[in-house]
Amino acid sequence: MRVRMISLFAISLFLLSVSVAVAQEPVVLRMSVWGSLSDQEAYQARLDLAAEQFPDIDVELLYTPDDYDQRIQTMMAGGDAPDIVQMAEAIHGFSSRGQLLALDDLISASGLDMAARFGTNHLQYQYEGSQYALPDRGGAMIVYYNTDMFDAAGIDYPTADWTWEDFLTAAQALTLRDGDTVTQYGFAAGGWWPWWMSFIYQNGGAVLDETGAPAFNTPETAEALQLYNDLVYTYGVAPSPEDYANLGTNSPDPLFAQGKVAIIMTGFWNIASLRDVPDLNWDIAPVWGNVERGTVSFGSGLAISSGSAHPEEAFQIINFLTDEAAQTVIVERGQDAPANVAVLSSDLFLGGETFANRDIYMEAFAESADAIIALPLIPQWNEMQSVMSATLDELFLNAIDTQTAVEQIQADLEDLLQ
Amino acid sequence: MVTAQANPNDTALSGRRSRRLSARRRESIWFYVIISPWLIGLLLLLAGPMVYSLYLSFTDWNLFNPPEWVGFENYIRLFTRDRTFGNAIGNTFIYTFLYVPLNIIFSLAIAYLLNKRLPGMRFFRTVIYLPYVVPVVATTMVFRWVFAPDNGLLNGFLAIFGVDGPAWLLNPNWVKLALVIMSLWGVGSSVVFLLAGMQGIPSELYEAAAIDGASERHHFFKITLPMLSPVIFFNMIMSIIASLQTFTQVYILSADPNTPNNAIVMIIPYLFDNAFRFNKMGYASAIAWVLFVIVFVFTLVVIRSSSAWVFYENEMKR
């Protein structure tokens, strides 16, 4: 009898210890991100903070530098989706197919006040009334300008009040020639959508109208694209695709770093690339406007794939990553502008010295807030980009005229979205 | 008496025959055993997916929701409304019609030269084959510099002759020729087959011709070329299929935002975009089947035409 009692006790003790062991077994989540190696390090640093907070949740970082959307797509199709996925403009291709989890219930259960934390930034990640991602990184496209070149040409630095006229005058004065050869370009852009699209919206044009129907063939859009092309082929203040090929690059950023361009437009990340360039004096400013101001917000959010076995834990993690402590890491590392409003308005961010090695005009980001375009983030975003750029390639090579281009794009978009 | 003698002979013969038959049957069983990995592979990994993709080509499928039957809509769209597909077909055909003949001419010329008995020939043969070993990705990256508008190698070379070369990779009219030139750099694989073929031509043929006073030109056109025609035939079919399926070069070059995509897009890259960037698996399957028919027709035409120009030695013996 006694032996039996003991053995029963022993068995129950054993079972208890097993169940404790099961409870302590950490939940393993996988989180996929893109970017450079320093981006990967920044994400890891934030996950390390999360690990202190949630010792029972183990998050493994999957870093995919190239062909991100395709890779995620394939993993999801194979039933091997990461629990947490970084998402940007292509998000609603995923959310519209039910590959991402609608976060509304988890948000309300956690008591997270979206407006207080993100302002209006989270609205772009809503599809058919549901929230599909928490904004993680943000930051408008801004102007980078070479202060030495502006000083030499005797021109005032750009401000939020700049119009196309101010911009063009400055770009012309900043372009230097040696005979027929341009030795210094006033401006440099190209075929990347944020550049030409912001010009279209600055002129009151749009890609889609409020009903979601294509609205590309308008005088406003044609005029904007005409000016954009004239910068290259009429005024000669910006490099053509052929000039780029001769300069051995397809991007304005290295040209700016080499001191060959006075003005470029790009995102926060360029600060980290430029801060250590010797003898390059530069500052940042908000992007100009014409009829209205317009710039693109380069954001990305964190979403949970619908196939995740641990949605609650995944939400705890993304909730933590978008909260102040983890968002501060983004700023400290100079990785990006944070999506968290409190961090965005913190002295750390506005000071800028910690990550830029100089006193730059960090208010440019706050001043861009009311100029951010509501991007047409439809599920067919990738295909829409492909359709538009196929025709714009020809326009930017000056092989077709602007009116033909806008008519062709309008027809292609109507065919795509019907 | 004849029949009495014949009878035991017959049974002995039939016994031997049945043993021979069983040996043959054993051989055929072994044949199927040994070939079964490929047969099973064909049925499971090729025939199965092919039939399924034929079904998918009549559906609208985004990889995640169940396929939706749409009849011939994908095919109708491809041939009536899809401008990009029209460009893709046109570009692929132009590329194929430029590349295949040039590939045959260049590979023949190079193989002819490499067949000479000169010191250091092994070195030259290796050099000609090397580019084929270089991955297409690396080749494409290097050729970006070769094709650079003002200071590229090619235009620098042309400038010596006073020719102002085009912006190869940016000009919609020149970019396909640029792709052909890039592919011709890998001509070594065709050369290897031709060289092997040339070395297999019996020297008696040349000796006999030489006695009859044939010139070097006669040697090439009356002996070498006809004797090589089966190899040329093989190279031709392979290069037609390969160029109809061009992918990597186009994929890498299109990643450059300045490349004129309408002028460079080809069938397989467009298929890839539809399948993996736009998630239109049904539509991509329809493109795959159109390409299959195109490849099939091209190959059939070449095979049918072969009796007119391909010469097999054993045909003559028969």
Side-chain angles (χ1 to χ4, degrees), chain A residues 66-67 69-71 73-74 76-78 81 90 93-94 96-99 181 189-193 195-196 239-251 306-307 379-400 408 411-412 414-416 418, chain B residues 61-66 77 80-88 137 143-152 155-156 165-175 178 251-265 269-270 272-281 283-284:
Chain A
D66 293 315
D67 296 330
D69 288 350
Q70 277 113 286
R71 177 106 188 267
Q73 199 68 258
T74 315
M76 285 177 166
F94 292 85
S96 66
R97 284 191 298 270
Q99 290 165 256
T181 320
W192 193 36
W193 65 268
W195 295 322
W196 52 261
S240 67
E242 201 169 312
D243 295 326
Y244 272 117
N246 282 325
L247 291 161
T249 176
N250 55 31
S251 157
S306 50
Q380 298 92 335
W381 170 265
N382 280 345
E383 201 170 0
M384 185 172 77
Q385 285 298 336
S386 169
V387 158
M388 293 191 291
S389 69
T391 300
L392 290 175
D393 286 343
E394 293 173 343
L395 175 66
F396 297 154
L397 287 162
N398 219 13
I400 54 173
Q408 212 164 63
D412 287 344
E414 280 170 5
D415 184 49
L416 169 67
Q418 70 176 353
Chain B
W61 188 42
N62 65 19
L63 271 166
F64 295 93
N65 305 345
R77 186 186 159 82
T80 57
R81 300 214 317 274
D82 193 335
R83 249 174 5 102
T84 315
F85 184 65
N87 287 332
V137 180
F143 268 83
R144 265 219 187 118
W145 293 316
V146 174
F147 287 129
D150 285 352
N151 42 16
N155 282 353
W168 290 94
L169 296 176
L170 298 170
N171 188 319
N173 301 320
W174 287 99
V175 68
Y251 184 71
I252 294 169
L253 288 176
S254 331
D256 183 331
N258 293 328
T259 306
N261 271 328
N262 275 335
I264 200 182
V265 66
Y270 188 54
F272 178 88
D273 274 355
N274 273 287
F276 301 106
R277 284 184 62 216
F278 312 153
N279 298 299
K280 292 172 145 182
M281 266 300 168
Y283 200 60

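Chain letters run A, B, ... following the sequence lines, proteins first, then strands; residues in each count from 1.
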Which one wins on heavy-atom pair count under 4.5 Å against chain A: B:R144, B:R277, B:R83?
B:R83
Looking at A:G98, A:S389, A:S386, A:G93, which one has more heavy-atom pairs under 4.5 Å with chain B than the rest?
A:S386
What option among A:E394, A:Q380, A:E242 has the most heavy-atom pairs under 4.5 Å with chain B?
A:E242
Atom group of A:Y244 that falls short of 4.5 Å from chain B, counting heavy atoms:
side chain
I need the minimum non-hydrogen distance between B:L169 and B:A178, along with the two atoms involved.
CD2-CB, 4.0 Å
Contact origin within B:F272 toward chain A - heavy atom pairs under 4.5 Å:
side chain
Distance-only side-chain donor-acceptor flag, A:S240 / A:D243, under 3.5 Å:
yes
More than 12 heavy atoms of other groups within 6.0 Å of A:W193 CH2
yes
In terms of heavy-atom pairs under 4.5 Å with chain A, the winner among B:V265, B:D82, B:D256, B:N65 is B:D256
Could you check A:D67 against A:R71 for salt bridge (Lys or Arg N to Asp or Glu O under 4.0 Å), going step by step and ending with a plain yes or no?
CA-CA 6 Å; A:D67 296 330; A:R71 177 106 188 267; over 6 Å; no
Can you tell me which of A:N246, A:D412, A:L392, A:N382 forms the most heavy-atom pairs within a distance under 4.5 Å of chain B?
A:N246
Side chain, backbone, both or neither of B:F64 within contact of chain A (heavy atoms, under 4.5 Å):
side chain
Can you say whether A:D415 sits under 4.5 Å from chain B via the side chain, the backbone, both, or neither, judging by heavy atoms?
both
Using a distance-only test with no angle check, is there a side-chain donor-acceptor pair under 3.5 angstrom linking B:N258 and A:N250?
no
Could you report the tightest heavy-atom contact between B:N155 and B:W168, atom names first, then the distance?
OD1-NE1, 2.8 Å
Which one wins on heavy-atom pair count under 4.5 Å against chain A: B:A167, B:A148, B:P260?
B:P260
Looking at every heavy atom in both B:T259 and B:S254, which two are closest together, and how far apart are they?
CB-CA, 4.5 Å
